Amino acid sequence: MNDDVRQEQKKIDAVLQTLTEEINRLEGETFTRKKEIIQIRKHFWDEIKVNTDTFDDYLETMIGLRQEAMALSVTQSTHRHASNRLSTLKRMKDAPYFGRIDFIEDGASTPEAIYIGISTLSDANHEDFLIYDWRAPISSIYYDHQPGRAHYGTPEGNIHGVLKKKWQYLIANGQLQSMFDTSLTIGDEILKQVLGQGNNPYMQSIVATIQQEQNEIIRHDSKKLLLVHGAAGSGKTSAALQRIAYLLYKYRDTLSANQIVLFSPNSIFNDYVSNVLPELGEENMQQVTFQDYLHHRLRHDVSIEDPYEQLEYCLTASNSSSLQTRIASIQFKASPHFFHAIHRYIDSLLQSGMIFKDISFRGESIVTAQQIADTFYRSDGTTFSNRLEDVTNWLTRLVKKAEIAQRHLPWAAEEIELLSNETYHKAHAYLAKKQGFHREAISDYEMDPEALTQLIVQQKFKPLRQHILRFQFIDFKALYAQFFNDSSEGKQWLTEDVPKWGEICQATLNMLHQGKLLYEDTTPFLLLKEMIQGFEANRSIKHIIIDEAQDYSPFQFEYIKRLFPKAKMTVLGDFNQAIFAHASEADDFHMLRSIYGPDETFRIHLTRSYRSTKEIIEFTSQLIPHGKKIIPFNRHGQRPHFEQVKDTAELHTRITASVRKLQQQGYTSIAIICQSAKESAEAYDALTTLTGRKLLQTHSTHYEQGIVIIPAYLAKGIEFDAVIIYNASYSNYAHEQVRRLFYTACTRAMHVLQLYSVGEPSPFLQSAQRSGFLQ
């Protein structure tokens with residue numbers, strides 16, 4: 001051990017001593033706070049004198065309640081912060097820091113050694129920092145600069161100086177494994193070691209290996225829209241999660257995790273990334289898929305198709321006229337053209353065309369749809385909100401009159417006779433309290449039969465009143481269908497010809513008549529509904545992150561912007577992985593930039609890929625146009641292997657043998673990636689000798705290690721030690737519309753990629769075979 005290493009180990013030992021002391025202190029504090037919380041909860045009501053006899057007594061009681069609740073809240077908050085800090089420090093015991101810079105600030109005479117880790121640590125006297133948080137302003141020098149002139153930003157302005165040295169450390173179990181005094185690109189040596197390791201069941205923090213372009217993503221904070229277009233494996237998602245951690249650190253006084261929403265591709269991905277923020281000592285943000293949101297908003301209105309059902313249909317349906325119509329429909333309904341056409345249609349409904357439903361009670365009409373329409377168009381209101389308020393007030397009065405009239409009909413008396421004893425006593429207690437009887441005197445109340453009848457009828461009318469307040473008298477399905485009802489009339493909202501317009505109309509109406517919405521119709525339908533009844537915008541959300549953004553349509557982006565009007569947005573995508581039928585050939589999110597405008601948009605393009613070995617990246621770059629622009633990280637491995645087999649029996653024999661060999665080589669995460677869910681199920685049923693294999697489907701919620709069989713579209717955003725492409729044949733991957741799906745599947749591999757083909761291989765492999773990138 002040389003002197004430098006010996007000195008560094010002494011530094012680590014000293015830091016670990018301080019860490020241990022702080023951990024012991026926090027363990028005592030959390031224990032004490034937990035006892036206090038238990039005691040406060042146990043004796044909460046003992047400290048409060050409950051008296052409501054007079055207003056002053058009531059006020060004194062409420063003040064006492066509030067004081068005790070605040071004391072409990074403060075203690076709980078203190079315990080939570082101490083517990084979170086304790087968890088972070090315990091993680092730091094294994095590797096207290098990963099980097100160091102020696103920086104001389106202008107005007108100073110000697111350099112200061114800045115050690116950088118996942119969180120800040122002060123000495124025992126809290127006078128000096130032993131470790132700086134990687135998100136601290138000065139830490140940006142570590143990621144952004146090489147030795148020489150350097151600077152970092154602070155709220156007061158830039159601090160300039162000279163970076164003398166930059167060190168990288170690999171520490172495990174408190175022991176220094178290796179260290180580098182480097183002027184290389186930050187993270188190259190450590191990054192090679194990290195990337196060469198086996199895959200984990202969860203995505204890991206990348207704070208020790210953040211690259212300069214990733215750091216730009218993490219710390220960018222000036223524009224409303226941050227667009228990140230990056231190659232597969234370029235670290236887009238990892239950087240976005242570190243960005244959330246950075247924002248929570250920088251704005252810790254004004255921003256909380258529940259004010260950030262991550263839109264992710266599926267539930268498996270949600271599980272896969274769920275560990276990153278807790279690893280950094282931060283709470284997880286809200287995670288949701290766009291489909292989850294649509295289902296939440298429309299579940300009471302109509303049955304809706306899943307996006308993967310749409311994709312599965314496009315992948316497995318025969319190349320018929322109905323498939324071509326469906327693809328044309330998907331592309332049109334995803335377009336800005338349709339978005340603006342829907343807007344024009346909605347604006348026209350203020351003049352004519354609104355469709356309503358009759359309002360009935362016990363099978364008898366109270367008011368007809370036509371009467372509602374007449375009232376709507378007689379209103380002086382100039383907006384939907386004004387007119388619907390007038391209609392709602394009018395309907396409420398009519399329903400109240402109908403309710404009064406129903407009290408004297410025989411059915412009301414029959415309902416009273418059928419009341420259970422429990423319901424009768426509840427009604428008695430309710431009416432007694434309403435008359436001012438105290439709890440102990442309720443039994444003295446003699447119930448008025450008319451009051452009971454009124455109560456029973458009122459309860460029966462309650463769903464109808466709620467029906468009115470929720471605007472359920474508007475026939476939204478009929479309104480949406482009206483746009484497509486008549487091809488010639490519907491065209492008045494369009495500004496350009498739509499291919500297969502008549503067929504699109506008929507297919508849309510057929511589904512609506514079955515009470516279903518195709519996935520491409522869900523966002524337009526919801527927009528129509530919300531623009532009429534009032535948009536439920538969420539103004540409390542401050543940041544939105546959209547991953548796999550190439551799979552969102554322009555229509556959906558327009559909707560999301562309206563849904564979160566106060567939020568900044570980070571959008572991550574790669575058009576080479578755009579697998580849905582609405583995807584265009586565009587590669588720059590031009591439409592999204594136009595939504596926010598150039599002054600509010602900042603774009604970062606990531607071209608270096610880190611996930612896979614150089615050999616795998618060189619192969620996958622042959623699968624897509626402009627793939628040569630992707631720069632592989634210099635980590636070597638074996639060339640991807642391709643094998644053609646004569647039938648599925650031989651395919652399953654070869655795959656089984658290959659998986660067993662990979663397991664013997666120590667690979668713990670092996671994915672057999674299929675073209676579709678249908679093919680995945682067939683592969684799962686056939687590969688019976690692979691014990692422990694797991695089939696991942698659209699309803700799966702957890703990321704699984706081991707041997708997984710998964711459709712390509714569910715593997716997006718996830719990485720595996722080894723990937724086997726189940727059937728890279730002409731029959732599966734011949735059409736241009738599945739080229740990107742094939743590329744996506746192949747780019748999931750970190751260390752090993754194997755491809756099999758039953759019969760003639762995909763034409764996408766020809767260039768790679770000619771260039772020698774396959775063995």
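For clarity, every value in this text was computed on a predicted model and none was experimentally measured.
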When you measure from the side chain of Q556 to the backbone N and O of S553, does any donor-acceptor pair fall under 3.5 Å?
yes
Counting N and O atoms only, with roles assigned by atom type, does the side chain of Y519 sit under 3.5 Å from a partner on the main chain of L311, one being a donor and the other an acceptor?
no
Considering only distance and modelled atom types, tabulate donor-acceptor pairs under 3.5 Å from the side chains of residues 563-573, sequence neighbours left out.
residue, atom, partner, partner atom, Å
K568, NZ, D221, O, 3.3
T570, OG1, R243, NE, 2.9

Counting the benzene-type ring for Trp, do F338 and F483 have ring centres under 6.0 Å apart?
yes
Side chains of D358 and S360 only: does a donor on one sit below 3.5 Å from an acceptor on the other?
no
For the ring pair F361 and W411, is the centre-to-centre distance below 6.0 Å?
yes
I'd like to know whether F476 forms a side-chain contact (heavy atoms from CB on, under 4.5 Å) with V302, so could you lay out the CA-CA distance, the side-chain angles of the two residues, the decisive distance to 0.1 Å, and finally the verdict.
CA-CA 10 Å; F476 288 107; V302 67; over 6 Å; no
Any chance the side chains of T383 and S385 put a donor and an acceptor closer than 3.5 Å?
no
Look at K333 together with D521 and state whether they make a salt bridge at an N to O cut-off of under 4.0 Å.
yes
Main chain of I404, side chain of R407: is a donor-acceptor contact present, judged purely on distance under 3.5 Å?
no
Indicate the atoms forming the closest heavy-atom contact of W394 with I372, along with that distance.
CZ3-CA, 4.0 Å
So, the side chain of Y345 versus the backbone of Q482: is there a donor-acceptor pair under 3.5 Å, distance only?
no
Taken to the nearest 0.5 Å, the spacing of I718 CD1 from T237 OG1 works out to 10.5 Å
Restricting to non-hydrogen atoms, name the atom on K477 and the atom on L512 that form the minimum distance, rounded to 0.1 Å.
O-CD1, 4.3 Å
Separation of H220 NE2 from L227 CG (nearest 0.5 Å):
10.0 Å
Is the closest side-chain donor-acceptor distance between Q291 and Y308 under 3.5 Å?
no
Nearest non-hydrogen partners of A402 and I366, listed with the distance:
CB-CD1, 4.0 Å
Please round to the nearest 0.5 Å and tell me the distance separating atom CD of Q370 and atom CD1 of I355.
11.0 Å
Any chance you could measure Q371, atom CD, to F356, atom CZ, to the nearest 0.5 Å?
12.5 Å
How far apart are the closest heavy atoms of Y552 and S264, and which atoms are they?
OH-O, 4.4 Å
Heavy atoms only: give me the nearest A712-L741 pair and the separation to one decimal.
CB-CD1, 3.7 Å
Kindly confirm or rule out a cation-pi arrangement of R378 over F376, judged by NZ or CZ under 6.0 Å from the six-membered ring centre and within 45° of its axis?
no
Main-chain N/O of P265 paired to E548 side chain as donor or acceptor, under 3.5 Å:
no
For the side chain of E312 and the backbone of K678, is there at least one donor-acceptor N/O pair under 3.5 Å apart?
yes
Does a side chain donor of either Y249 or E282 reach within less than 3.5 Å of an acceptor in the other side chain?
no
Nearest heavy-atom contact between Q550 and K716 is NE2-NZ, 2.9 Å
Does any non-hydrogen side-chain atom of Q310 lie less than 4.5 Å from one of P307?
no
H337 and F332: aromatic ring centres closer than 6.0 Å?
yes
If only side-chain N and O atoms count, and only distance matters, is there a donor-acceptor pair under 3.5 Å linking Y293 with Y559?
yes
Are the side chain of H229 and the backbone N or O of R603 linked by a donor-acceptor pair below 3.5 Å?
no
Do T453 side-chain atoms and P449 backbone N/O form a donor-acceptor pair below 3.5 Å?
yes
What distance separates Q286 CD from I545 CD1, expressed to the nearest 0.5 Å?
11.0 Å
Does the side chain of Q514 come under 3.5 Å of the side chain of N510 through a donor N or O and an acceptor N or O?
no
Can you tell me which residue among R362, R465, R397 is in a salt bridge (charged side-chain N to carboxylate O under 4.0 Å, His left out) with E403?
R465
Say whether, by atom type as modelled, one donor and one acceptor occur between the side chain of N284 and the main chain of S274 under 3.5 angstrom.
yes
Mind checking whether L350 and F384 have side chains closer than 4.5 Å, heavy atoms only?
yes
Distance (rounded to the nearest 0.5 Å) between L294 CG and H296 NE2
11.0 Å
Checking K223 side chain against F602 main chain: does a donor-acceptor pair fall under 3.5 Å?
no
For E530 and R562: C-alpha separation, side-chain torsions, deciding distance, then whether salt bridge (Lys or Arg N to Asp or Glu O under 4.0 Å) applies.
CA-CA 11 Å; E530 296 215 341; R562 289 170 178 263; over 6 Å; no
